[in-house]
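For reference, the structure discussed in these notes is given below.
Each chain gets a letter, A, B and so on, in the order the sequences are listed, and its residues count up from 1.
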Amino acid sequence: VGLWRQLTRGLRNLTDRTSTDRDIADEVDHYLAEATAAHLARGLSPNDARRAAMRDLGGVTGVREEIRGYGWENVVAAAIADLRYAARSLKGAPGFTTVTVLTLALGIGGATAIFGAVKPMLFDSLPYPHAARVVMLSEDNVDGSQNDGTFGMYRQFAERARTLEAVAVMRPWTPSLTGSEIPQRLEGQRVSASYFRVLGVLPHLGSDLRDADDRQNGPNVVVISDSLWRRQFGGDPALVGGSVTLDGQPFTVVGVMPATFQNVLAPEAEVWSLLQYGMAQGRAWGHHLKTVARIRPEASVSAVSREVDTIGRAVLEELRPATYGPNVRFSARSLQDDLTRGVRPALFGVMAAVTIVLMIACVNVTNLLVGRGVHRRPEFALRTALGAGRGRLVRQLLTESLLVAWLGGAAGLAVAALGVRALVALSPPGLPRADAIDIDAGLFVFAFALTTLVGLAFGMIPAVQASRHDPHSALQHGSRRTAGGHRRARAGLVVTEVALAFVLLVNSGLLMRSLEQLLSVNVGFDSSNLLTMQVFASRRAPGQGPQEVSTRDRFAAALAAVGRVPGVIAAGFTSQLPISGDRDEYGVRFGTSTAGQSTFRYAVSPGYLETMRIPLRRGRLLNQDDRADAPLSVLINESFANRQFSGADPIGQQLSVGPAGPYTIVGVVGDVRQLSLAADRFEAVYMTVDQWPMPEPVMSLAVRANGSAASLAPAVRAAIWSVDKNQPIVRVSTADQLLAASAAERRFALSLFEAFAFVALCLATAGLYGVLSGGVAERTREIGVRAALGASRANILSLVFRTGAALTALGAIIGLAGALLTGQAIASTLFGVTPHDAVTYSAVIAIMFIVSAAAALVPAWRAARVDPAITLRAE
Amino acid sequence: MHTPKTDVIQGTLDMLILKTLSLEPLHGFGIARRIEQISRGVFKVNPGSLLTAFQRLERAGWLNAAWRETDNARRAKYYSLTRAGRKQLEHETAQWTRRASAVARLLKDEG
């Protein structure tokens, strides 16, 4: 009953105070009447009785107020009154309010959007039970590069490691699904049976993959995703146990993953089948698998790292697999770290940038508030003189700051909502966990907390400043607005802004120069008018002759057909295409040495290098005569030749590539960047497809066009399909598009930095303008006196410009120190420029001074127009 | 001999109000007078504290209030004890007795 009464009475008082007030008044009056009557009864005269009763009571109004003061609603009512007063006072200053709210909206909105984007990548744990126990196992070379894992090593880890609960290997798989109207190419993975156990998420329909089926020539089984199950099979539970046709073969569907399952290792994957490798196969020691493991609850990642390294080295000692070079180290890293490792520096950079923008926004708002506080000093003085306590004033000012902050925060959330959408739309492909970026409750809480914090923080300074002043002197000088110590405070704030903006400008300048350098890098082939696409060999049903022969023949026939398309100058197939995300490396060995050196391997059609215009440095290119029955020929590139033969003629030397060889080197060609524009590993070998022992089921086609490459795509596709209409074609793009996509991540980070730097510059300029124009307004009298004493307009103009330049210079010096520090932090994301690039620094300094001059322009003009006669008369 | 009036001991006002009302419903001045009479003038009740206490006790659900005519035809706010109030009175009385006897024992030992 008690709580209920507290609540209802309180609410009633909040909404309708008058009836309660009347009730209290009546009760007090009655008390007074009864007390008077009692005194009368004791024999006092009516007047004396009344006076005695009043004395007992101690003042009617006081008692009423005392009774009224009881109840929680009074606290609320006071806060509401504060808010109402704050709202009125903000409405009275629309310019101040607009600028402040917009400034905060930019700062808070930007920070909220970035936090929302970064959160799933950096802070959220992966969507698996005990996600911290899922680790990637990697093989690290001495030079810091990494190899993919091998099936052989996976088996050894699974057998020997005591710190691991389960280990799994996987590789990408893109089967075509037939049996319905349109054949579809699906994204999927070939995995060991332990895969889902490692992640800790099992199919919710049917059963998990079974170890017993994971053997060479085991049964064809597949687990499918919930989305595929619903989209393609209408969510029919009877599908489990049924059969689907993948790559022309029947597969039994054993399970359906839950809809909530997020496969962070291959976000697009919808089908999972077993790897079914055997140790007797040549590929058992091929480096093309990713290894992931779940560690035991009691084990630490570092303990796992130590154990796998010990095991790995022991295995190399015992079995001496040919595909491993010397000095390979094995290590474990948490999956979370592994996924975000590449983008982490950029993300932290962006977060730092948006924090700087937020800081500048806060400084700017503080600056505005201090400026406003100066003008309101008479008001505070008056209120203090009328009896407002210091605490009351501070509370009032804080309420006002909080109100502005919340208004800014609300506007900021709108900015954040737009910003997050824009971030997702602009985010480069391959950004880990981009699908998890969203505005969620956490983001709202973050924005609210941030706003409140900002409101309290910047409300504190003017509040303390305002309450510290002696009301007497303030009242006396109230109308004159003498310049005082606050000027130094505001100047300090502006210097801070300039310094922070300087830091941001330098960093975005460095990133801009990096991108410029990156895009002007020599990729090693001519990317203009070059069309590329990936072509899959369609598989025939078993029993139609040797598969590899038909695969090779079909690719050859397709190439011939493409060559006949009008507008095609040259065309060629390659097993991996540069800058496309392809990565295929083999260990290359010389003579009898068992140590292989990891090298990019290209199995190509004769004519591929000519199509790409990769320059020949020595010897000859590959040609039609390099057939399966001819002596094995290989091309190496310059880097490889230099590293291996250091200037000596490599032509005629012999080498083996993985399981194949020995090949004779017939030529040396130019270096090509394979992994990315920033890649610094080049060693490569080229041989014809015919002289590689295994068939290549997936090839990339490069077509040199006579004009626009993109417009040629339909005709080229039609030509391939004229040979075999079942050959799926994906990833159609021009080489220039591939290069642009390769720089997309940097471009993305750069555009964020540019946006932040621009906002920072605008805010700093606004701050500078505010201080300079405020200074001129306050010093009107002084300027008038100077003018009367003979100062020229030029003197007065330079007075203002000098102030602006001095503030800018001080800010720039502090900013310089900050930029040198942060430049070191982003050094790893730079390319081709040093963190203290002189061009960038001088450009930024120039920009800062131009902007400061622009900010000083209007105040200076105003100062120069001060008429001494008018100013002095006003005194 | 003149005995000075003292203010009601801190924290006992609620109990005294509840006790007074356990006999019959009364208005504010009636309660004040009753407390002063029964304590033989030892306790003087501050009207402000008393009326504020009513707000508190009513919101806590221990008292009900209603406007009624008094014997001398004035309108007055009468307070009566609720069931929860009665329970609270028992509780506070027990507490008080326990504390008072403890204090009494201590003082006796001292003497």
Above 12 or not: heavy atoms from other molecules or residues under 6.0 Å from CZ of Arg75(B)? yes
Quick one: what part of Ala33(A) sits under 4.5 Å from any heavy atom of chain B, side chain, backbone, both or neither? both
Can you tell which part of Leu7(A) gets under 4.5 Å to a heavy atom of chain B, answering side chain, backbone, both or neither? neither
Chain A contact via Ser49(B) - which portion, at a heavy-atom distance below 4.5 Å: both
Side chains of Asp23(A) and Trp67(B): is there a donor and an acceptor less than 3.5 Å apart? yes
Shortest non-hydrogen contact between Phe29(B) and Ala38(A), atoms and distance: CZ-CB, 3.8 Å
Would you sort out whether Tyr70(A) and Arg59(B) count as a side-chain contact (heavy atoms from CB on, under 4.5 Å), showing the intermediate values? CA-CA 10 Å; Tyr70(A) 174 77; Arg59(B) 286 225 192 155; 4.3 Å; yes
Okay, Leu63(B) and chain A: the region with an atom under 4.5 Å from a heavy atom over there is backbone
Examine distances only and state if a side-chain atom of Arg74(B) and a backbone atom of His30(A) form a donor-acceptor pair shorter than 3.5 Å. no
Relative to chain A, which segment of Ala76(B) carries a heavy atom at a distance below 4.5 Å: side chain, backbone, both, or neither? both
When you check the gap from the basic side-chain N to the acidic O, do Arg9(A) and Glu58(B) get nearer than 4.0 Å? yes
In terms of side-chain geometry, is the basic nitrogen of Lys77(B) or Glu34(A) positioned less than 4.0 Å from the acidic oxygen of its partner? no
If we only count heavy atoms from C-beta on, is the Phe54(B) to Glu27(A) side-chain gap below 4.5 Å? yes
Filtered by a 4.5 Å non-hydrogen cutoff, the part of residues 50-69 of chain A contacting chain B is Asp56(A), Leu57(A), Val63(A), Glu66(A), Ile67(A)
